[in-house]
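Reminder, nothing fancy here: chain letters follow the sequence lines and each chain counts from 1.
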Amino acid sequence: MLELAELRSFWVYLSASPLLGLTVTLCAYAVAQAIYTRCRFSPLANPVAIAIALVCGVLWLSGMSYERYFAGAQFVHFLLGPATVALAVPLVRQLPRLRQALGPLSLALVCGSATAIASAVCITVAFGGTAELARSIGPKSATTPIAMAVSERLGGLPSLTAVMVIGTGIFGAVTARFLFGWMKIASHEVRGFALGVASHGIGTARAFQVSAEMGAFAGLGMGLNGVLTALLAPWLIPLVLRWLGV
Amino acid sequence: MLVSFTILLLFQCVGEGIVYVLNLPIPGPVAGMLLLFGALLAAPALQRRIETDANELLRHLSLLFVPAGVGIVAAASSGSGHWLALLAGMIGSTVLTLAVTALVLRAASPKGPDA
């Protein structure tokens with residue numbers, strides 16, 4: 001019979017090694033995928049959101065610190081780099097359609113990127129947010145490292161920006177299908193590109209779950225909007241704030 | 001798998017290097033993606049070599065956001081008192097961005113069968 005004290009010391013041993021954080025992450029993802037499949041791939045059952053909630057639940061119940069969890073989970077986190085590089089592969093597949101749509105895509109990118117930045121600042125200020133909060137939320141549609149760097153340079157709160165980026169990704173991935181359905185937009189190219197521009201990597205992950213074509217265009221939108229936000233936000237955000245008189 | 005993974009890491013390294021040396025405002029992996037895009041155009045054999053593994057990695061893109069997401073949720077509990085403004089900004093702006101990008105792209109595209 002395993003004594004409680006023994007169980008406890010085993011837990012202490014296990015939670016000190018990276019094995020546990022890694023296992024918890026993969027198990028939570030497997031459960032989230034099963035729920036997502038059971039819900040017939042409804043965007044409401046977003047696997048990123050479910051897996052995050054499950055891991056948070058485990059951490060809260062077990063009292064494991066985030067640092068300790070991340071010691072294991074960082075192996076998964078690390079793969080974001082090579083996965084971003086890998087986005088070039090589906091992109092090359094879509095090259096003929098890409099060439100055809102180069103003009104429209106560039107125009108949509110510039111309009112979408114400017115809308116993402118300016119509307120986030122305006123709405124936040126309209127609902128009583130300070131200039132600091134507006135600077136933190138302005139770059140929210142870009143991928144996390146770009147958004148945090150922009151926010152920091154403008155005097156925002158980078159950690160708050162990170163929260164807004166993840167929230168934007170999940171919210172876009174969850175609601176895009178309903179919005180596009182209502183707007184009667186069926187094209188996978190258009191849906192994918194808009195998802196990538198508005199909701200970066202999490203939107204792109206959702207797009208890949210629908211089709212490889214939608215994923216390729218989402219990856220393109222995400223990559224391009226990351227670059228454009230880095231160039232556009234540093235002068236557009238102060239401009240909008242001055243215009244609003246904040 | 002190992003060869004493809006090594007190729008992806010090599011491109012990421014070169015991307016990080018270029019971003020660092022030229023002091024560019026984009027992350028290294030995004031630069032690596034653009035470099036790989038160029039390389040795939042120049043050498044189609046490379047595409048065949050890494051295609052299957054790259055797609056397998058991208059199929060599980062959702063998983064890769066979990067660790068960072070957990071950290072952000074853990075940090076969010078110590079947020080400021082302006083959640084209404086932040087929530088409104090995030091929701092309103094995301095919906096607007098999706099709509100504007102999609103509408104402009106559809107309006108600017110030459111009319112195709114699914115446009």
Side-chain angles (χ1 to χ4, degrees), chain A residues 25 29 47-48 51-52 55-56 66 70 73 76-77 79-89 91-92 104 107-108 111-112 115-116 119-120 123-124 127-129 133 137 141 145 159 162-164 166-168 171-172 176 179 185-187 190 193-194 197-198 202 205 208 223 226-227 230, chain B residues 5 8-9 11-12 15 25-30 32-33 36-37 40-41 47 50-51 54-55 57-59 61-76 79-80 82 84-86 88-102 104-106 108-109 114-115:
Chain A
T25 309
Y29 180 67
V48 183
I52 289 173
V55 174
C56 285
Y66 178 69
F70 195 75
V76 170
H77 180 73
L79 292 177
L80 265 178
T84 304
V85 177
L87 286 169
V89 173
L91 212 54
V92 168
L107 187 65
C111 295
T115 303
S119 66
I123 296 172
T124 305
F127 277 79
L133 295 187
I137 198 175
S141 281
S159 58
V163 179
M164 290 297 122
I166 293 280
T168 298
F171 179 75
L179 180 69
I185 290 172
S187 153
V190 174
F193 192 72
V197 169
I202 297 179
F208 268 110
V227 176
Chain B
F5 195 64
L8 293 178
L9 286 181
F11 274 92
Q12 190 183 348
I26 60 171
V30 174
M33 175 181 86
L36 180 60
F37 186 73
L40 291 173
L41 292 184
Q47 173 89 0
I50 64 173
E51 177 136 43
N55 287 336
L57 186 59
L58 290 174
R59 222 159 58 79
L61 193 59
S62 295
L63 164 69
L64 311 185
F65 292 100
V66 174
V70 172
I72 285 159
V73 171
S80 67
H82 286 88
L84 178 69
L86 291 170
M90 186 193 86
I91 290 174
S93 173
T94 306
V95 169
L96 276 173
T97 307
L98 283 169
V100 167
T101 311
V104 171
L105 183 53
R106 187 170 67 174
S109 298
D114 57 0

- Could you have a look at Ala73(A), Ala116(A), Pro47(A), Ala51(A) and say which one has the most heavy-atom pairs with chain B under 4.5 angstrom? Ala116(A)

- Output for pair (Thr101(B) OG1, Phe193(A) CZ), nearest 0.5 Å, gives 7.5 Å

- Taking Pro67(B) as the fixed residue, which of Val76(A), Leu79(A), Val55(A), Leu80(A) is the one that meets the side-chain contact (heavy atoms from CB on, under 4.5 Å) rule? Val76(A)

- Examine whether an atom of Pro82(A) lies under 4.5 Å from a heavy atom of chain B, and if so say whether it belongs to the side chain, the backbone or both; otherwise answer neither. both

- Query: Most heavy-atom pairs under 4.5 angstrom with chain B, which of Ala162(A), Ala108(A), Gly226(A)?
  - Reply: Ala108(A)

- Given side chains that start at C-beta, do those of Ile123(A) and Leu96(B) come closer than 4.5 Å, heavy atoms only? yes

- Which atom names give the shortest non-hydrogen contact between Phe65(B) and Val48(A), and what distance separates them? CB-CG1, 4.0 Å

- Item | Minimum heavy-atom distance between Glu51(B) and Val89(A), given as atom pair plus value | CA-CG1, 3.9 Å

- Note: vs chain B, highest number of non-hydrogen pairs under 4.5 angstrom among Ala230(A), Ala83(A), Ala176(A) is Ala83(A)

- Measuring from Leu58(B):CG to Phe208(A):CZ, what's the distance to the nearest 0.5 Å? 4.5 Å

- Choice from Val92(A), Ile166(A), Val190(A) maximising heavy atom contacts with chain B below 4.5 Å: Val92(A)

- Message: So which residue, Leu63(B), Val100(B), Leu57(B), Val66(B), ends up with the most heavy-atom pairs under 4.5 Å with chain A?
- Response: Leu63(B)

- What option among Pro145(A), Ala194(A), Gly129(A), Gly172(A) has the most heavy-atom pairs under 4.5 Å with chain B? Ala194(A)

- Message: Under 4.5 Å from any heavy atom of chain B, what part of Ser159(A) do you find: side chain, backbone, both or neither?
- Response: neither

- Message: Less than 4.5 Å to any heavy atom of chain B: does that hold for the side chain of Leu179(A), its backbone, both, or neither?
- Response: side chain

- Top of Ala88(B), Gly28(B), Gly32(B), Gly15(B) for chain A proximity - count of heavy-atom pairs under 4.5 angstrom: Ala88(B)

- Nearest 0.5 Å please: distance from the OG1 atom of Thr124(A) over to the CE atom of Met90(B). 10.5 Å

- Message: To the nearest 0.5 Å, what is the distance between CG on Leu61(B) and CG on Leu87(A)?
- Response: 6.5 Å

- Task: With rounding to the nearest 0.5 Å, note down the distance linking CG in Leu91(A) to CG in Leu40(B).
- Result: 9.5 Å

- Note on the structure: Ile52(A) and Gly69(B) have their tightest heavy-atom pair at CD1-CA, 3.5 Å

- Item | Closest approach of Ser93(B) to Ser119(A) (non-hydrogen atoms, all atoms of both residues) | OG-OG, 2.9 Å

- Task: Side chain from CB out, backbone as N, CA, C, O: work out which of these in Leu107(A) comes under 4.5 Å of a heavy atom of chain B, or both, or neither.
- Result: both

- Task: Check Gly128(A) against Ala85(B) and note the closest heavy-atom contact, atom names and distance.
- Result: C-CB, 4.3 Å

- Query: Looking at Gly89(B) and Ile137(A), what are the two nearest heavy atoms and their distance?
  - Reply: C-CD1, 3.8 Å

- If you tally heavy-atom pairs under 4.5 Å between each of Thr97(B), Leu41(B), Val104(B), Asn55(B) and chain A, the highest tally belongs to Thr97(B)

